[in-house]
*Asks:* 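Following this message is one structure expressed as structure tokens.
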Amino acid sequence: MAKRGMLIVLSGPSGVGKGTVRKEIFSEDSNNFDYSISMTTRQKRPGEVDGKDYYFVTKEEFEKEIAEDGMLEYAQYVDNYYGTPLKYVNEMLDAGKDVFLEIEVKGAMQVRKKVPDGLFIFLTPPDLMELRQRIINRGTDDLATINKRMEKAKDEIEMMQNYDYAVVNDEVPKAAEKIKTIIRAERWRVKRFLPDYKKQLGDVK
Ligand code: 5GP
């Protein structure tokens, strides 16, 4: 049986640029990990594609998945559901592939409980003014939603202490590079490396 893959969780406040950084990481095909596409009940933004950016579903469909234990984690975020379908993640991990999730903090904390040996990375803005500006520049949210997202962001930054690594998103290519470096190093952490290595040593005795 293949060695079970590593679960990599990238999280951080909305608008910090998780999606952009994630796309930068995945623009290189030398990655040895797969992206888990989330499910959401929010409206599709212009340019978003169903099955690529998200699985866009109705509230009823999402609640059915929850009832059938189909979600690894989920959260209600600014009036919508967002969640990670469990089946794909398990299949990939069982096949020995590392899986990358890009999710908000409440969901990440559920994953932390269920998968304590995951790798948890917090992407954070250089400062809050910059974060507000980024949400405004995206041009997809009205003022009330922007204010809700900013309030939420302050609470979310408090959660950083529960993560393994923090990466400041000052420039997207730099942040992406730092995350790739963290993932590379994490694969060589003794607790991940030793079990298999011991088996190998056993073989040559
Ligand atoms: P947006 O509406 O900007 O695409 O996403 C809003 C927030 O939901 C972002 O912080 C995003 O990372 C988060 N998010 C996206 N997918 C998931 C998911 O599957 N689970 C959770 N918990 N959060 C998610």
Side-chain angles (χ1 to χ4, degrees), residues 7-26 33-59 61-66 69-90 92-93 99-115 118 120-125 128 131-142 144-160 162-163 166-167 169 172 175-176 179:
L7 191 61
I8 304 155
V9 178
L10 176 68
S11 126
S14 171
V16 70
K18 295 189 290 293
T20 318
V21 171
R22 182 247 305 167
K23 281 179 191 142
E24 176 84 13
I25 293 169
F26 279 86
F33 43 82
D34 274 353
Y35 177 60
S36 155
I37 299 164
S38 295
M39 199 177 267
T40 185
T41 58
R42 87 147 157 71
Q43 290 294 308
K44 218 192 270 179
R45 294 188 184 128
E48 284 185 331
V49 178
D50 186 36
K52 184 166 171 269
D53 297 288
Y54 282 106
Y55 295 111
F56 294 96
V57 297
T58 61
K59 192 164 173 260
E61 286 168 325
F62 201 107
E63 286 175 345
K64 188 165 174 273
E65 282 295 330
I66 299 172
D69 286 332
M71 303 309 257
L72 169 63
E73 60 73 36
Y74 70 93
Q76 259 186 311
Y77 184 89
V78 192
D79 308 330
N80 280 298
Y81 280 126
Y82 294 81
T84 304
L86 179 61
K87 191 164 172 274
Y88 175 83
V89 171
N90 267 340
M92 290 295 121
L93 292 177
V99 180
F100 190 100
L101 310 185
E102 178 222 311
I103 60 178
E104 55 70 66
V105 292
K106 271 189 286 171
M109 290 306 99
Q110 294 168 38
V111 180
R112 176 118 237 181
K113 281 204 189 111
K114 288 186 182 168
V115 191
F120 293 80
I121 305 171
F122 192 89
L123 189 68
T124 199
L128 284 177
L131 182 66
R132 188 181 180 85
Q133 203 50 51
R134 282 186 202 178
I135 299 176
I136 293 170
N137 290 350
R138 193 161 65 185
T140 52
D141 298 316
D142 58 26
T145 308
I146 292 170
N147 287 339
K148 270 196 202 172
R149 283 185 186 260
M150 284 306 296
E151 276 312 304
K152 192 121 195 153
K154 286 184 207 157
D155 294 342
E156 286 172 330
I157 290 171
E158 284 289 313
M159 301 295 286
M160 193 196 293
N162 299 308
Y163 288 73
V167 172
N169 188 17
V172 172
I179 291 167

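Just so you know, ligand 1 is whichever comes first in the structure, and atom 1 is the first atom listed for that ligand. All values derive from a computational prediction rather than experimental measurement. Heads up: numbering here begins at 1 and tracks the sequence.
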*Asks:* Is there a donor-acceptor contact under 3.5 Å from the side chain of E65 to the main chain of M71?
*Replies:*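 Such a contact is absent between E65 side chain and M71 backbone.
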*Asks:* Taking all non-hydrogen atoms of both residues into account, name the closest pair between P13 and L131 and its distance.
*Replies:*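 Taking every non-hydrogen atom into account, CB-CD2, 4.3 Å.
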*Asks:* Quick one: does ligand 1 sit under 4.0 Å from the side chain of E102, the backbone, both or neither, non-hydrogen atoms only?
*Replies:*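 It is both backbone and side chain that touch ligand 1.
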*Asks:* How far is atom 4 (O) of ligand 1 from the closest protein heavy atom, and which atom is that?
*Replies:*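 Going atom by atom, the protein heavy atom closest to atom 4 (O) of ligand 1 ends up being Y54 OH, 2.6 Å.
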*Asks:* Looking only at protein heavy atoms, which one is nearest to atom 11 (C) of ligand 1, and what is the separation?
*Replies:*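 Going atom by atom, the protein heavy atom closest to atom 11 (C) of ligand 1 ends up being K18 CE, 4.0 Å.
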*Asks:* For atom 19 (O) of ligand 1, what's the nearest protein heavy-atom neighbour? Residue, atom name and distance, please.
*Replies:*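 Minimum-distance protein heavy atom for atom 19 (O) of ligand 1 reads S38 OG, 2.6 Å.
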*Asks:* Using every non-hydrogen atom in the two residues, find where Y163 and A108 come nearest and quote the distance to one decimal.
*Replies:*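 The answer is OH-CB, 3.3 Å.
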*Asks:* With a 3.5 Å distance limit and no angle check, can you tell me whether D141 reaches the backbone of I146 through a side-chain donor-acceptor pair?
*Replies:*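 Such a contact is absent between D141 side chain and I146 backbone.
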*Asks:* Would you say Y74 has more than 12 foreign heavy atoms packed within less than 6.0 Å of its OH?
*Replies:*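 Atom OH in Y74 is not packed in, count stays at 12 or less.
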*Asks:* Would you please determine whether E156 falls within less than 4.0 Å of ligand 1 on a heavy-atom basis?
*Replies:*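 No, E156 has no heavy atom closer than 4.0 Å to ligand 1.
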*Asks:* If you count the atoms of ligand 1 from 1 in the order shown, which ones are under 4.0 Å from a heavy atom of T84?
*Replies:*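 The atoms of ligand 1 under 4.0 Å from a heavy atom of T84 are 19 (O).
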*Asks:* Within the structure, does A75 bring an N/O atom to less than 3.5 angstrom of an N/O atom in ligand 1?
*Replies:*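 No: no nitrogen or oxygen of A75 is under 3.5 Å from one in ligand 1.
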*Asks:* Have a look at ligand 1 and work out which part of Q43, if any, has a heavy atom under 4.0 Å from it: side chain, backbone, both or neither.
*Replies:*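 Under 4.0 Å from ligand 1, Q43 contributes no heavy atoms.
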*Asks:* Using a strict 4.0 Å threshold on nitrogen-to-oxygen distance, state whether K152 and E156 make a salt bridge.
*Replies:*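 Answer for the salt bridge query: no.
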*Asks:* Could you check K148 against D79 for salt bridge (charged side-chain N to carboxylate O under 4.0 Å, His left out), going step by step and ending with a plain yes or no?
*Replies:* CA-CA 10 Å; K148 270 196 202 172; D79 308 330; 3.2 Å; yes
*Asks:* Among protein heavy atoms, which sits nearest to atom 14 (N) of ligand 1, and what does the distance come to when rounded to 0.1 Å?
*Replies:*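 Going by distance alone, atom 14 (N) of ligand 1 is nearest to Y82 CD2, 3.8 Å.
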*Asks:* Taking side chain to side chain contact (heavy atoms under 4.5 Å, CB included) as the criterion, tell me which of K59, M39, R42 meets it with Y81.
*Replies:*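 Of the listed residues K59, M39, R42, the side chain to side chain contact (heavy atoms under 4.5 Å, CB included) partner of Y81 is K59.
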*Asks:* Can you name the nearest heavy-atom pair linking V105 to S11, along with the distance?
*Replies:*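 In this case the closest contact between V105 and S11 is CG1-OG, 3.7 Å.
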*Asks:* Taking all atoms of both residues into account, what is the closest heavy-atom pair of V111 and V9, and its distance?
*Replies:*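 The answer is CG1-CG2, 4.1 Å.
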*Asks:* In terms of atom number and element, which parts of ligand 1 are under 4.0 angstrom from non-hydrogen atoms of R42?
*Replies:*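 So the answer, numbered in order with elements, is 1 (P), 2 (O), 4 (O).
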*Asks:* To which protein heavy atom is atom 20 (N) of ligand 1 closest, and what is the distance rounded to 0.1 Å?
*Replies:*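 Residue, atom and distance for the closest contact: E73 OE2, 2.8 Å.
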*Asks:* Mark the output for R45 as yes if a heavy-atom distance to ligand 1 is under 4.0 Å, and as no if none is.
*Replies:*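 Yes, R45 has a heavy atom closer than 4.0 Å to ligand 1.
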*Asks:* Using a plain distance cutoff, I'd like to know if Y74 has any nitrogen or oxygen under 3.5 Å from a nitrogen or oxygen of ligand 1.
*Replies:*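 No, since none of the N or O atoms of Y74 sits under 3.5 Å from an N or O of ligand 1.
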*Asks:* Which residue holds the protein heavy atom closest to atom 23 (N) of ligand 1, what is that atom called, and what is the gap in Å?
*Replies:*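 Closest protein heavy atom to atom 23 (N) of ligand 1: E104 N, 3.1 Å.
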*Asks:* Run the numbers for me: atoms of ligand 1, each under 4.0 Å from some heavy atom of Y77, listed by number.
*Replies:*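 Per the distance check, 6 (C), 7 (C).
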